[in-house]
Amino acid sequence: DLYYRLNVVALHLPPLRERKGDVPLLARHFLQRAARTMDLVNPGLTREAEVLLESFNWPGNVRELANAMEKCFIFSRGGPIGPEEVAAQVIGADLRSNHAPEPPDEFLRRWTRHALALGGESLLAKLTDHVESLIISEALTLTGGNRTRAAELLGLSRPTLLSRIDKHGLKVQATVRSEE
């Protein structure tokens, strides 16, 4: 009896992989929801990130997309969420679904081919600056914002690190821990 009461109207909703055009709209919605929940500013998505999101099959459907967007929001550094942040979350999700991890060199080769295909002036300098910015950012994250330790980790002098932080416009936040 309950089955027939509940089965009055049957709705068929195709899986997200068949509705690629919905992915950017849903991703923006989930980012806005995360920002509202955490009472923070929504960083938004770059167009490249949206394209990357549309290229994924989303085996976990809308819930997987919502999870990935929440993670992207949590790990965003204030600026718009780009393809690197999305790739980190999507590849992480892909690895959990029993796909073999891609070797780092192969990932860098694919990323470089993609960037070269986009073209542009002084591409090598732009790519080098981008990678340098990511490495410095990760070193600062790993050291909790401690510039001296990050400089040691990177094999740089502290003044050199500070000038490169300025060059790339990185924002550094130190973490403060209670000694309880």
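The analysis underlying the following values was restricted to heavy atoms, covering all of them including side chains, and did not include hydrogens, waters or symmetry mates.
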Are [X] and [Y] close enough that some pair of their side-chain heavy atoms sits under 4.5 Å apart?
X	Y	value
Glu132	Lys167	yes
Ser76	Pro43	yes
Leu16	Leu26	yes
Glu50	Val86	no
Val131	Leu127	no
Val23	Phe56	no

What is the minimum heavy-atom distance between [X] and [Y], and which atoms define it?
X	Y	value
Ala35	Phe73	CA-CZ, 3.5 Å
Leu161	Ala151	CD2-N, 3.5 Å
Pro24	Glu54	CG-OE2, 3.4 Å
Leu53	Ala27	CD1-CB, 3.7 Å
Ala87	Leu52	N-CD2, 3.7 Å
Leu31	Leu45	CD1-CG, 3.5 Å

Non-neighbouring partners of [X] that pass salt bridge (charged side-chain N to carboxylate O under 4.0 Å, His left out), sequence neighbours left out:
X	answer
Arg63	none
Glu152	none
Arg33	none
Asp166	none

Determine whether the side chains of Ser163 and Thr160 contain a donor N or O and an acceptor N or O closer than 3.5 Å.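 The answer is no; no qualifying pair exists.
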Contacts of type side-chain contact (heavy atoms from CB on, under 4.5 Å), residue [X], not counting sequence neighbours:
X	answer
Glu48	Thr46, Pro83
Ser133	His168, Leu170
Asp39	none
Arg158	Arg147, Thr148, Leu162

Spatial distance of atom NE2 (His29) from atom CG (Leu65) [nearest 0.5 Å]: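 Rounded to the nearest 0.5 Å, the NE2-CG separation comes out at 10.0 Å.
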Inter-residue atom distance Glu70.CD - Gln89.CD, 0.5 Å rounding: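 Here the interatomic distance stands at 10.5 Å.
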Which residues satisfy the side chain to side chain donor-acceptor pair (under 3.5 Å) test with Gln32, sequence neighbours excluded?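 Side chain to side chain donor-acceptor pair (under 3.5 Å) check on Gln32 returns Asn42.
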hydrophobic_cluster_shared for [Y] and [X], side chain cutoff 4.5 Å:
X	Y	value
Phe30	Met38	yes
Ile81	Leu40	yes
Leu25	Val62	no

Closer than 3.5 angstrom, by distance alone: can the side chain of Glu85 be matched with the main-chain N or O of Gly82 as a donor-acceptor pair?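 Such a contact is found between Glu85 side chain and Gly82 backbone.
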Scan residues 14-23 for pairs that pass salt bridge (Lys or Arg N to Asp or Glu O under 4.0 Å), counting only residues two or more places apart or in two chains.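 Residue pairs with at least one partner in residues 14-23: Arg19-Asp22.
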Suppose we screen for ring pair (Phe, Tyr, Trp, His ring centres under 6.0 Å). Which residues come up paired with His130, at least two apart in sequence or across chains?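 For His130, the residues satisfying ring pair (Phe, Tyr, Trp, His ring centres under 6.0 Å) (neighbours in sequence not counted) are Trp111.
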Under 4.5 Å side-chain heavy-atom separation, chaining through any Ile, Leu, Val, Met, Phe, Trp or Tyr, what else clusters with Leu2? Say none if it is isolated.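 Its cluster partners, ordered by chain and number, are Leu6.
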